[in-house]
*Asks:* 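Below you'll find the structure I mean.
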Amino acid sequence: MKGLSAVVKNLRPSREEKFLFLAMIFLWLKSYIVSRLLFDLPIENMLQEFILLLNPIGPVILLFLFAYAFRRKLSIRGILISSFLFTFLSYANAVYYRFFNDFITIPVLFQVKNFGDLGGSALELMQPLDVLFFVDLVLLAVIARKKDIKLVTFKKPLKRGMILAAVALLVFNVLLAETQRPQLLTRTFDREMLVKYLGVYNYHLYDLFMHSKASAQRAFAEGSDIIEVENYVNDGVDEPNEMTGIAKGKNVILISMESLQSWVLNYEVEGQPVTPFLNELIKDSFYFENFYHQTGQGKTSDAEFLIDNSLYPLPSGAVFTTNAQNEFYALPEILRNNGYTTASFHGNNKSFWNRDLMYKSLGYDHFFDETYFNVTDDNSVNYGLKDIPFFEQSIPLLKSLPQPFHAKFITLTNHFPYILDKEEDVMIPRLTTGDGSVDRYVQTVRYLDESLKIFFDLLKQNGIYENSIIVLYGDHYGISKNHNKAMSQVIGKEITPDLHVELQKVPFIIHVPGMEGKKMKTIGGQIDVKPTLLNLLGIDPGNDISFGEDLFSETRKDFVIFRDGSFVTKEFIYTEGTCYSKANGSVIDPIFCEKSSEEVGYELALSDKVIQRDLLRFLNQSPVE
Ligand code: GP9
Ligand code: MN
């Protein structure tokens, strides 16, 4: 009995420990309130609310443990300074958010230019009520003085309990986040999502880790590293061909068609075409029927990256989020140097895929994100603004741009899980495989097709069509491997590994008003778009690093390499370590496979090196005379 009461007594927190808990509770609740009231985080369910409430606790405990370990004691001053540091971090984010609607990143901290953008000074963004951020600190100081608390001693059980609680909470937090957004940490996606699921403090820790990793790799580089790359890519410098300069001085309208795969073109449901508009359009356009997406984990952003840079995306993560500070010599920048105005249009949050920061490095003058559009519950679904209102509302913005312009439109409605919430948006029956995603897919594709028709009509009505070329591409697959069973029903064949590769074909259409259409057999991919467009526009980018090749070039080698090392040539498909004949699907000894997986691996590794070591900063970009 006596022993038990001693244990209980031992567990009962001392006055100092109570004080420490109070400081932690203040900081925790404050962090939650800031996230809830000052950041506009879309909370969709109770679990997300719970995650938001939970996520500051782990880092708050770690903060005080760290403060203790730092001086081997924890004085009142130590507690107040620690509290102040985290408070300041949330406050800095809150102020930054007021202006940028975004969270601070490590590179932003070091970019004085960005603070210039703050529009004078951060002072203007501060508000009188902001003193509330610091009220608990004053309160703590008063309590400490009144109760004469000086030093918190860390008894073993307290320290152990805190370490255990912090680690358990962090793991629990990450696991919960993972249920809501799988692969959040490996793919990053969106700062808003990171803050929502991990909290501001964990987000900063993660951001710090990612940037340290990137800068460590960058530090490895030497100026001479670029020579190996230059020698490799300059192998096949293209000669002018019959398409060179045919679109000189024209506006370039680029449309990213969300999740659009080639098989849906000319596909019918109950006798109705899924893409009636595109089917007609390709008759009057250069249509590349052997064109593949080459994206990795960065999906839409990887497609944008491939097209703007003619470099491969990274083996993991999205270049848009990991290497946005790099030096690039991207299509928009080259066009800008040639008198174009450059812009991107997208009806979603600007920090998704870190576009707001990456676009600066790629040379976009304007980014018309969701804040430029009237987005309501009524005209949005899934990720954001529906494609039809998106195109309709884009017209006045597009008209405001000086010509010639390079304008990219990123559609959104045909995104997994392929939802249409209004009767009027459904223009075709669903499929009947029993796999919901596959069945609904044709309906959102049909909607996308309709939006393109409306956009083309609007371009004509507004006098933009005639002096533009319009280039459309599917960004990546829509139906993943997980739906192979339903897909085999749809196309009437078993999905073997080589057929799976063939299903990675996405439409690529170059529409030049007034020019006759042509079906192109050329085998190529998104990596070839930049050199192809520059050739059409008659622009010589000078000393540039391009892993792709002009799709109209007569000397081009017909092949495409995928991010996972698979490749397709005229006669073969190599994937998962096996080479297949295209003619009859038979398995071939890989030594006869036209290319070797070593060659392909070398090309991918070289492109990765350019990105990870930021090698384009060493490139002499003066145009070749
Ligand atoms: C988000 C949109 C969709 O802004 O681009 O991205 P995804 O998930 O297709 O990469
Ligand atoms: Mn996409």
Side-chain angles (χ1 to χ4, degrees), residues 42 101-102 180-194 196-197 254-262 264 291-308 313-314 316-322 324 343-359 362 364 367-373 375 380-387 389-391 394 407-419 437 440-441 444-445 447-448 451-452 472-480 482-483 503-508 525-526 529 563:
N101 233 301
D102 198 353
Q180 296 293 299
R181 192 44 152 153
Q183 299 180 312
L184 181 68
L185 293 190
T186 44
R187 298 177 58 192
T188 311
F189 302 110
D190 184 5
R191 271 187 288 287
E192 189 178 78
M193 247 180 232
L194 285 168
K196 179 166 122 179
Y197 294 127
L254 197 62
I255 305 176
S256 160
M257 299 182 291
E258 179 58 46
S259 303
L260 192 68
Q261 288 174 251
S262 292
V264 265
F291 184 90
Y292 299 78
H293 84 84
Q294 294 162 292
T295 61
Q297 290 189 316
K299 303 294 283 291
T300 312
S301 71
D302 276 357
E304 292 182 68
F305 181 75
L306 275 147
I307 281 165
D308 281 351
L314 289 176
S316 70
V319 195
F320 263 47
T321 54
T322 56
S344 179
F345 296 70
H346 187 41
N348 187 13
N349 168 21
K350 67 180 174 181
S351 76
F352 205 104
W353 290 133
N354 198 26
R355 286 187 176 100
D356 52 347
L357 299 189
M358 183 61 159
Y359 278 173
L362 297 179
Y364 286 92
F367 178 20
F368 298 109
D369 67 290
E370 65 179 357
T371 58
Y372 287 82
F373 296 88
V375 186
S380 58
V381 72
N382 204 356
Y383 275 73
L385 186 59
K386 291 186 204 176
D387 296 341
F390 166 63
F391 281 129
S394 292
K408 170 163 70 181
F409 294 85
I410 305 166
T411 62
L412 202 50
T413 311
N414 185 41
H415 193 288
F416 181 82
Y418 312 115
I419 300 165
S437 301
R440 289 189 302 272
Y441 180 66
T444 43
V445 170
Y447 176 88
L448 165 62
S451 76
L452 295 170
L472 305 96
Y473 68 93
D475 63 350
H476 48 76
Y477 66 81
I479 305 297
S480 74
N482 302 339
H483 304 277
L503 282 173
Q504 305 313 305
K505 281 184 185 168
V506 292
F508 182 57
Q526 290 160 333
V529 174
R563 188 53 263 188

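In this text, all values refer to a predicted model and were calculated from it rather than measured experimentally. Atoms within a ligand are numbered from 1 in the order they appear, just like the ligands themselves. Numbering starts at 1 and runs along the sequence shown.
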*Asks:* Specify the protein heavy atom at minimum distance from atom 5 (O) of ligand 1: its residue, its atom name, and the distance to 0.1 Å.
*Replies:*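 Closest protein heavy atom to atom 5 (O) of ligand 1: Arg355 NH2, 2.8 Å.
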*Asks:* I need the minimum non-hydrogen distance between Leu412 and Gly347, along with the two atoms involved.
*Replies:*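 Leu412 and Gly347 have their closest heavy atoms at CD2-O, 3.9 Å.
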*Asks:* So does Arg563 pair up with Asp302, basic N to acidic O under 4.0 Å?
*Replies:*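 A salt bridge is absent here (no side-chain N lies under 4.0 Å from a carboxylate O).
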*Asks:* Should the ring pair Phe409 and Phe391 be called parallel, tilted or perpendicular, given that the plane angle runs from 0 to 90° and is split at 30 and 60?
*Replies:*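 If you compare the ring of Phe409 with that of Phe391, the planes turn out tilted.
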*Asks:* Is there a donor-acceptor pair closer than 3.5 Å between any side-chain N or O of Asn382 and the backbone N or O of His415?
*Replies:*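 Side chain of Asn382 to backbone of His415: a pair is present.
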*Asks:* Taking distance alone, with N or O pairs closer than 3.5 Å, would you say Tyr383 contacts ligand 1?
*Replies:*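 N/O-N/O distance under 3.5 Å: no.
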*Asks:* Just to be sure I read this right, does ligand 1 sit under 4.0 Å from the backbone of Thr300, its side chain, both, or neither, counting only heavy atoms?
*Replies:*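 Thr300 to ligand 1: contacts from backbone and side chain alike.
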*Asks:* Could you check atom 4 (O) of ligand 1 against the protein and tell me its nearest heavy-atom contact, residue, atom and distance included?
*Replies:*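 Nearest neighbour among protein heavy atoms for atom 4 (O) of ligand 1, to 0.1 Å: His346 NE2, 2.6 Å.
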*Asks:* May I ask you to list the atoms of ligand 1 that are less than 4.0 angstrom from any heavy atom of Phe352?
*Replies:*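 Selected atoms, number and element: 1 (C), 4 (O).
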*Asks:* Relative to the heavy atoms of Glu258, which atoms of ligand 1 are at a distance of less than 4.0 Å?
*Replies:*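 Listed by number with element, the hits are 3 (C), 9 (O).
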*Asks:* So is Lys299 actually on top of Tyr477's ring, under 6.0 Å and inside 45° of the axis?
*Replies:*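 Positive - Lys299 is close enough to the ring of Tyr477 and near enough to its axis.
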*Asks:* One residue to check: Leu412. Relative to ligand 1, which of side chain, backbone, both or neither has a non-hydrogen atom less than 4.0 Å away?
*Replies:*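 Side chain only.
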*Asks:* Near Lys299, which atoms of ligand 1 are under 4.0 Å from a heavy atom of that residue?
*Replies:*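 Within the 4.0 Å cut-off of Lys299, ligand 1 contributes 7 (P), 10 (O).
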*Asks:* Hey, what do you get for OG (Ser394) to CG (Leu385), rounding to the nearest 0.5 Å?
*Replies:*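 One gets 8.0 Å once the value is rounded to the nearest 0.5 Å.
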*Asks:* Near the Mn ion (ligand 2), is there an N/O/S atom from Ser256 that is less than 2.8 Å away?
*Replies:*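 Looking at Ser256, which is the residue asked about, there is no N, O or S atom under 2.8 Å from the Mn ion (ligand 2).
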*Asks:* By side-chain contact (heavy atoms from CB on, under 4.5 Å), which residues pair with Asp190, not counting sequence neighbours?
*Replies:*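 With neighbours one apart ignored, the set is Glu192, Met193, Asn349, Ser351, Phe352.
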*Asks:* Among protein heavy atoms, which lies nearest atom 1 (C) of ligand 1, and at what distance?
*Replies:*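 Going by distance alone, atom 1 (C) of ligand 1 is nearest to Asn348 ND2, 3.3 Å.
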*Asks:* Do the side chains of Arg191 and Leu357 get nearer than 4.5 Å, heavy atoms only?
*Replies:*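 Yes, side chains in contact.
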*Asks:* Using a 4.5 Å cut-off on heavy atoms from C-beta on, say whether the side chain of Lys350 contacts that of Arg355.
*Replies:*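 They are not in contact (no side-chain heavy atoms under 4.5 Å apart), so the answer is no.
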*Asks:* Does ligand 1 have an atom that lies less than 4.0 angstrom from a heavy atom of Trp353?
*Replies:*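 Heavy atoms of Trp353 do come under 4.0 Å of ligand 1.
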*Asks:* Nearest 0.5 Å, what's the CZ-NE2 distance between Phe368 and His346?
*Replies:*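 The NE2 atom of His346 is 15.0 Å from CZ of Phe368, to the nearest 0.5 Å.
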*Asks:* What does the angle at the Mn ion (ligand 2) come to, between atom OE2 of Glu258 and atom OG1 of Thr300, rounded to 10°?
*Replies:*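 With the Mn ion (ligand 2) as the vertex, the angle is close to 150°.
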*Asks:* Is there an N/O/S atom in His476 at a distance below 2.8 Å from the Mn ion (ligand 2)?
*Replies:*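 It does; at least one qualifying atom falls short of 2.8 Å.
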*Asks:* Name whichever N, O or S atom of Asp475 ends up nearest to the Mn ion (ligand 2).
*Replies:*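 For Asp475, the N, O or S atom at the smallest distance from the Mn ion (ligand 2) is OD2.
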*Asks:* Please report whether ligand 1 has a polar contact with His415, defined as an N or O pair separated by less than 3.5 Å (distance criterion only).
*Replies:*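 For ligand 1, there is an N or O atom that lies under 3.5 Å from one belonging to His415.
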*Asks:* Distance under 4.0 Å to a non-hydrogen atom of His476: what atoms of ligand 1 satisfy this?
*Replies:*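 The atoms of ligand 1 under 4.0 Å from a heavy atom of His476 are 9 (O).
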*Asks:* Check whether any N or O atom of Ser301, backbone or side chain, sits under 3.5 Å from an N or O atom of ligand 1, and answer yes or no.
*Replies:*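 In this structure, Ser301 places no N or O atom under 3.5 Å from an N or O of ligand 1.
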*Asks:* Roughly how far apart are Ile410 CD1 and Phe390 CZ, rounded to 0.5 Å?
*Replies:*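 The CZ atom of Phe390 is 7.0 Å from CD1 of Ile410, to the nearest 0.5 Å.
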